[in-house]
There are 2 protein chains.
Amino acid sequence: MHDVAARAGVSHQTVSRVLNGFESVRPVTRDRVLAAITELGYRRNLAARTLATNRSRAIGVLAPAVSEYGPTSTVQAIEVAARAAGYHPLVTSTTSDRESILASLGFLLDQAVEALVVIAPQQRVLVAIDELELTVPIMTLQSLRVDSATAISVDQARGARRAVQHLIVLGHRRIQHLSGPEELFEATARREAYQAAMVDAGLAALPVIVGDWTAEAGMRAATAIEPDATAVFSGNDQMALGLISGLAALGRRVPEDVSVIGFDDVPEARFYLPALTTVRQDFETIGRVAIESLIRQVEGREAIAVAPLEPELIVRASTAAPRSG
Amino acid sequence: MHDVAARAGVSHQTVSRVLNGFESVRPVTRDRVLAAITELGYRRNLAARTLATNRSRAIGVLAPAVSEYGPTSTVQAIEVAARAAGYHPLVTSTTSDRESILASLGFLLDQAVEALVVIAPQQRVLVAIDELELTVPIMTLQSLRVDSATAISVDQARGARRAVQHLIVLGHRRIQHLSGPEELFEATARREAYQAAMVDAGLAALPVIVGDWTAEAGMRAATAIEPDATAVFSGNDQMALGLISGLAALGRRVPEDVSVIGFDDVPEARFYLPALTTVRQDFETIGRVAIESLIRQVEGREAIAVAPLEPELIVRASTAAPRSG
DNA sequence: CCAGCGAGCGTGACCGGTCACGCTGTCGCT
DNA sequence: AGCGACAGCGTGACCGGTCACGCTCGCTGG
């Protein structure tokens, strides 16, 4: 910056003013400075700036280390929203063990992030956050906390209810649930909503099969479902895919013998065979809204309370009326 | 740091020594400092450190803004490898337009990254990099540059050849190729290898259908393939899925009427119906090796030249001998 | 005619670390 | 005993920006 100032024949302060778009610089001076900047290929040193202003303009993102559709598309929405608002998104992925969570959190803290968005929807992450007594505003995604000011999510219970009711309306009575990992909030919410929906309809909830979100787990579940179950509500689309594949291997056809409904609506879901009936979550809006709220808080305004988003039932070909009504 | 020093009754320099693990501090002093650190909840200011040392220990990652399996799993491998080596991975996703590429690159430059790994396999990105005349070591992934010191990739041509030859060995003669976007190196490499493999076998290469990697494009391609084609080599798994789905809608069955082979081996591929024959790429190794090589360069040693990785043919149920040989 | 004001720009301190160097005291060696 | 070496720690400059403040000069109004 000193070099730029010398070349433009001004002080370093004037260079700073130009860089930060202050008004009180004559256009002719400004142009001289800008010319010097391009000639020297100057880039301002962000570390020095952060140090002097005590502001990093960085927003930390704690994401699970998976390549699933939901988290990745949420992260991308966060990135564009943050960048559009002039902030730097700092994304770290973490596995679910405590050590990894603390390491990622530590990294973000070292980077002096001004806000934090947490997508890893587990109790362990929330515990770690509470322990560290962070002072920056935090937004947890899909954590299903009641506090709508610091949490935002798709209404999991509502989505699960819609899925189950769709099956009930089709005439199914023996409906089983293939759940995600027990420690995940989303999985728990869907599981409980399944059970509640069954009870509300005067039906008996069948034993829940627990998977790990992978298609592999869905395939294994095919051998575990009750013989007389006519429909399965899968906790996500990947498991639904594996389940359908596993059922096919057992000679059971979807939807003729068993109806299967998923959750998420991944881009490939409509191309599965049969095309998957599922519940769509708007991951992109979640990420965008989270950033908007956080930036409000960073800038001193109050957080915006956001109601849980409405999931949408997408009916395709993997569900049908049971054969013997 | 001043507060910590005061509380421990030492100078700031000694605190710095403890923080950086220098030997020449008595254990008793070290413990006093560490105690003061934890009592005050002190975290060192990374911006100040970066400013003083003129080292950021950050590695920039330029990734495409997609939620596809390949890039995301590569990015994750990069993250763990970088962190394990004591570096900070800074991941930015970019769309394919020039403006977005330059913005992401600018962001990484502002962060003073010491090395750069580029996963966006397009000409445009390489052009932008050349224009900026970056001085940091760069590693391009899947860019298929001949220079093995700055590029690393799975051998696309070899993988494509294996796919085509697999179909030929099964007895197919009319084999068509469903390609990815023309501006992508990987797509180009697979397309050319397809054509070469056909010619080598004394067969006529059929017109190439161009898609955009999405299952949607695969479905559309179902109506575009030659009536007498008995097999299709799809540029990736998603398009293969869409193609199979589209063929099913037209009453053509896989593999009885048409064989389909994909590329990538996404985790779900073995659960598609039929289970997808495909070519596996080791995305994880790509990312890991790239970081290893970059860190060597950052630390003053020469880059390691890595031969293109061997792709692996995974035969499943979506390919079979043609009905009428 | 001059005080007052504001546009336009410069000066020096400061952010929180690291680095080079300097100082003190203890120990071993001659 | 005297000296050098080294362990152990402190001092001040410096990294490259920003911020508060001050200066100069031209213009305006009484």
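A quick note: this is a predicted structure, and the numbers were derived from the prediction, not measured. Below, chains carry the letters A, B, ... as their sequence lines are ordered, and counting in each starts from 1.
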task: Taking only the side-chain nitrogens and oxygens of B/Thr14, find out if one of them lies under 4.0 Å from OP1 or OP2 of D/dG10.
output: yes
- prompt: Could you state the CZ-P distance from B/Arg17 to C/dT18, rounded to the nearest angstrom?
  reply: 11 Å
- request: For the pair B/Arg296 and B/Glu292, evaluate salt bridge (charged side-chain N to carboxylate O under 4.0 Å, His left out) and give the outcome as yes or no after the intermediate values.
  value: CA-CA 6 Å; B/Arg296 281 180 67 98; B/Glu292 283 168 10; over 6 Å; no
message: Taking the nucleotide of DNA chain D with the nearest heavy atom to each, does B/Pro27 or B/Ala52 sit closer to the 5' end?
response: B/Pro27
- prompt: When you look at CD of A/Glu182, are more than 12 heavy atoms from neighbouring residues, nucleotides or ligands closer to it than 6.0 Å?
  reply: no
message: Using a distance-only criterion (donor-acceptor N/O pair, under 3.5 Å, no hydrogens), is the base of D/dG8 paired with the side chain of B/Arg30?
response: no
field: Proximity to the side chain of B/Ala48 - top-ranked nucleotide from C/dC9, C/dG17, D/dT18
entry: C/dG17
- prompt: Do NZ/NE/NH1/NH2 and the carboxylate oxygens of B/Arg44 and A/Asp110 come within less than 4.0 Å?
  reply: no
- prompt: Whole Å only: how far is the CZ atom of A/Arg49 from the C1' atom of C/dC14?
  reply: 17 Å
- request: Could you state the atom-to-atom distance from CG of B/Leu46 to C1' of C/dC15 in whole Å?
  value: 15 Å
message: Could you tell me how far apart A/His2 (NE2) and D/dT18 (P) are, to the nearest whole angstrom?
response: 16 Å
Ion pair check, A/Arg98 and A/Glu131, cut-off under 4.0 Å: yes
- line: Atom OH of B/Tyr42 and atom C1' of C/dG16 are separated, to the nearest Å, by 7 Å
- prompt: Whole-Å distance between D/dT18 C1' and A/Asn20 CG?
  reply: 8 Å
Distance in angstrom units between B/Arg55 CZ and D/dC14 C1', rounded: 19 Å
query: Within a radius of less than 6.0 Å around CD of B/Glu299, do more than 12 heavy atoms belonging to other residues, nucleotides or ligands occur?
result: yes
- prompt: Looking across every strand, which nucleic acid part, if any, lies under 4.0 Å from B/Asn45 by heavy atom: base, sugar-phosphate, or nothing?
  reply: sugar-phosphate
message: I want to confirm an ordering. Mapping B/Ala47 and B/Gln13 to their closest nucleotides on DNA chain C, which one lands closer to the 5' end?
response: B/Ala47
query: Counting only side-chain N and O atoms of B/Thr53, is one of them less than 4.0 Å from OP1 or OP2 of D/dC15?
result: no
- prompt: Is a donor-acceptor contact shorter than 3.5 angstrom present between the side chain of A/His12 and the base of C/dG12?
  reply: yes
query: Rounded to the nearest Å, what distance is computed from the CE atom of residue A/Met1 to the P atom of nucleotide C/dT11?
result: 15 Å
task: Using the ring of A/Tyr87 (Phe, Tyr or Trp, six-membered ring only), decide whether A/Arg57 places NZ or CZ under 6.0 Å from its centre and within 45 degrees of its axis.
output: yes
- prompt: Base, sugar-phosphate, or nothing: which does B/Thr29 touch, judged by heavy atoms less than 4.0 Å apart?
  reply: sugar-phosphate
- prompt: So does A/Ser11 get a side-chain nitrogen or oxygen closer than 4.0 Å to the phosphate oxygens (OP1/OP2) of C/dG10?
  reply: yes
query: Is there a side-chain polar atom (N or O) of A/Ser24 under 4.0 Å from OP1 or OP2 of C/dC9?
result: no
First encountered from the 5' end of DNA chain D, between A/Phe22 and A/Leu51: A/Leu51
task: Give a yes/no on whether any side-chain N or O of A/Arg26 is located under 4.0 angstrom from OP1 or OP2 of C/dC9.
output: yes
